[in-house]
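As the structure is a prediction and not an experimental result, all values here were calculated from the model.
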Amino acid sequence: MSDRQSYKSDLSDECWALIEPVVTSWKARHPSVSGHQGNYDMREIVNALLYQSRTGCQWDYLPHDLPPVGAVKYYFYKWRDDGTDRTVHDLLRWQVREKRGRLADPSLVVLDTQSLHAAAGVPVGTTGRDANKKVSGRRRGLAVDVLGLVIAVVVLAASVHDNAFGTALLDKVAANAGTVTKALVDQGFKKSVVDHGQQVGIEVEVVERNPADAGFVPQPKRWIVEQTNGILMLHRRLVRDYEHRTASAESRVYWAMSDRMSRMLTGTSTPAWRGA
């Protein structure tokens, strides 16, 4: 890293050591057109992405002592489209799980959705209104393991029904974590999700709310996905959906979780924006 003053979102040497092999390998396979290795430190590119994730700033408001906006955009979009963001994320997730004494991939996941307001400029064709939550924008669907680590993420218009989210999430889980045999969902997911689970080899259990409960009462095991939603809110870029493409919104989740997992593995932390 250069001699610039560090930001609180910067990767520590230990965190970068976990991510660097994937990024260096990618860079070796993608030399510049002229054949040189590029003008920008790959660690600084990742630091810029994490700075934006934590602060929620617009592209043009990235600090001048980080790589130019055009370069950061280039790598964000490239890594989004070729799956490098997910490769980094999944390798870290496997390490966290193994450090906790678990197999690399889970056998059980928990599914849930969260509606988010969309920022001005987000294409209207990719947004909608969640009539239940009274939120206009997009909805983010997560499948997490019992540690709250993300197995799959799907972002669609807020008007899309939970059934469509459940189906899409189950497809991603089956494709990315073939060890999963069971999924827990809330009562918003209907029989079509249960039926689709059978088709992809995953038993879907609808966790019923106790009618006697008043207000918010965490449901056993299902509460973990709510915790993950709360953790993502510590990354200001994820509090509202700012992305023109839903694929970019999904990539933001992978980078936020990669940041969190690298810190879990190295025992480091960073202040949350809410305390600023």
### Task
Can you measure from CZ (R252) to CG (L238) and round to the nearest 0.5 angstrom?
8.0 Å
### Message
Using every non-hydrogen atom in the two residues, find where L11 and R43 come nearest and quote the distance to one decimal.
### Response
O-NH2, 2.9 Å
### Query
Do the ring planes of W26 and H30 sit parallel (below 30°), tilted (30 to 60°) or perpendicular (above 60°)?
parallel
### Query
Any chain of hydrophobic side-chain contacts (each under 4.5 Å) joining L142 to V173?
no
### Message
Checking side-chain polar atoms at under 3.5 Å, does S258 have a donor or acceptor matched by the opposite partner on H89?
### Response
no
### Query
Where do Y75 and T84 land on the side-chain contact (heavy atoms from CB on, under 4.5 Å) test, with the steps shown first?
CA-CA 10 Å; Y75 286 104; T84 299; over 6 Å; no
### Task
Check each of R97, K182, R102 against D145 using the salt bridge (Lys or Arg N to Asp or Glu O under 4.0 Å) test, and report the only one that passes.
R97
### Message
Could you check whether R29 and S25, counting side-chain N and O atoms only, form a donor-acceptor pair closer than 3.5 Å?
### Response
yes
### Query
Can we say D162 and R139 salt-bridge, meaning some charged N sits less than 4.0 Å from an Asp/Glu carboxylate O?
yes
### Query
Between E20 and K27, is the closest basic N to carboxylate O distance under 4.0 Å?
no
### Message
Looking at every heavy atom in both G141 and L169, which two are closest together, and how far apart are they?
### Response
O-CD2, 3.6 Å
### Query
Are Y40 and V72 close enough that some pair of their side-chain heavy atoms sits under 4.5 Å apart?
no
### Message
Any non-hydrogen side-chain atom of V180 less than 4.5 Å from a side-chain atom of S107?
### Response
no
### Task
To the nearest 0.5 Å, tell me how far T266 OG1 sits from W16 CH2.
14.0 Å
### Message
What I'd like to find out is whether the side chain of L111 reaches to under 4.5 Å of the side chain of L170, using heavy atoms alone.
### Response
yes
### Query
If you group Ile, Leu, Val, Met, Phe, Trp and Tyr by side-chain heavy-atom gaps below 4.5 Å, do I231 and V239 land in one group?
no
### Task
Could you go through the side-chain hydrogen bond (donor to acceptor under 3.5 Å, both in side chains) check for S136 and R129 one step at a time?
CA-CA 4 Å; S136 296; R129 180 172 175 79; 3.2 Å; yes
### Query
Going by distance alone, is a donor N or O of one side chain under 3.5 Å from an acceptor N or O of the other, for N47 and S9?
no
### Close side-chain approach of F165 and V160, heavy atoms under 4.5 Å
yes
### Message
For a quick check under 3.5 Å, do S115 and D130 share a side-chain donor-acceptor pair by atom type?
### Response
yes
### Any side-chain heavy-atom pair of Q95 and K99 under 4.5 Å
no
#### Entry: Sidechain-backbone polar pair: Q52 side chain, C57 backbone, donor-acceptor under 3.5 Å
yes
### Task
Report whether V154 and V135 are members of the same hydrophobic cluster (ILVMFWY, side-chain heavy atoms less than 4.5 Å apart, transitive linking).
no
### Query
Hey, are the side chains of I19 and L92 touching, using non-hydrogen atoms and a 4.5 Å cut-off?
yes
#### Entry: Considering all heavy atoms, the nearest R93-D105 contact
NH1-OD1, 3.3 Å
### Query
So do the side chains of V185 and D112 get within less than 4.5 Å of each other, counting heavy atoms only?
no
### Query
Would V253 and L232 count as a side-chain contact (heavy atoms from CB on, under 4.5 Å) if you check the C-alpha gap in whole Å, the side-chain angles of each, and the deciding distance to 0.1 Å?
CA-CA 7 Å; V253 174; L232 291 179; 4.2 Å; yes
### Summary
Of V150, V153, D85, the one forming a side chain to side chain contact (heavy atoms under 4.5 Å, CB included) with E250 is V153
### Task
Examine the side chains of D171 and H196 and answer whether a donor and an acceptor come within less than 3.5 Å of each other.
yes
### Summary
On a heavy-atom basis, the closest approach of A48 and L66 is CA-CD1, 4.0 Å
### Query
What heavy-atom pair brings G56 and R236 nearest, and what distance separates the two atoms?
N-CB, 3.8 Å
### Query
Could you state the interatomic distance from CG (L116) to CG (N229), rounded to the nearest 0.5 Å?
8.5 Å
### Query
D259 and Y254: side-chain donor and acceptor closer than 3.5 Å?
no
### Task
Carefully, step by step, assess T167 and F189 under the rule side-chain contact (heavy atoms from CB on, under 4.5 Å).
CA-CA 10 Å; T167 297; F189 296 84; over 6 Å; no
### Message
Distance check, rounded to the nearest 0.5 Å: R260 atom CZ versus L149 atom CG?
### Response
7.5 Å
### Message
Measuring from atom CZ of R86 to atom CE of M257, what distance do you get when rounded to the nearest 0.5 angstrom?
### Response
15.5 Å
### Task
Give a yes or no on whether V225 and M261 share a hydrophobic cluster (residues Ile, Leu, Val, Met, Phe, Trp, Tyr; joining criterion: side-chain heavy atoms under 4.5 Å apart).
yes
### Message
Minimum heavy-atom separation for D65 and R4, please, with both atom names.
### Response
O-CD, 3.4 Å
### R54 bridged to D10 by N-O distance under 4.0 Å
no
### Query
V69 and Y51: same hydrophobic cluster, using ILVMFWY side-chain contacts below 4.5 Å?
yes
### Query
Taking atom CZ of R100 as the centre, does the number of heavy atoms from other residues, nucleotides or ligands within less than 6.0 Å exceed 12?
no
### Query
Is any side-chain heavy atom of F76 less than 4.5 Å from a side-chain heavy atom of S248?
yes
### Summary
salt bridge (Lys or Arg N to Asp or Glu O under 4.0 Å) with E243: of R138, R140, R237, only one passes, and it is R237
### Message
Between T24 (side chain only) and P21 (backbone N and O only), is there a donor and an acceptor less than 3.5 Å apart?
### Response
no
### Query
Has the side chain of S251 got a donor or acceptor atom that lies under 3.5 Å from a matching backbone atom of A247?
no
### Stepwise side-chain contact (heavy atoms from CB on, under 4.5 Å) test for L103 and T179
CA-CA 10 Å; L103 297 176; T179 56; over 6 Å; no
### Task
Enter the distance from L18:CG to M264:CE here, rounded to the nearest 0.5 Å.
12.5 Å
### Query
Are any of the side-chain nitrogens in D82 or K78 under 4.0 Å away from the carboxylate oxygens of its partner?
no
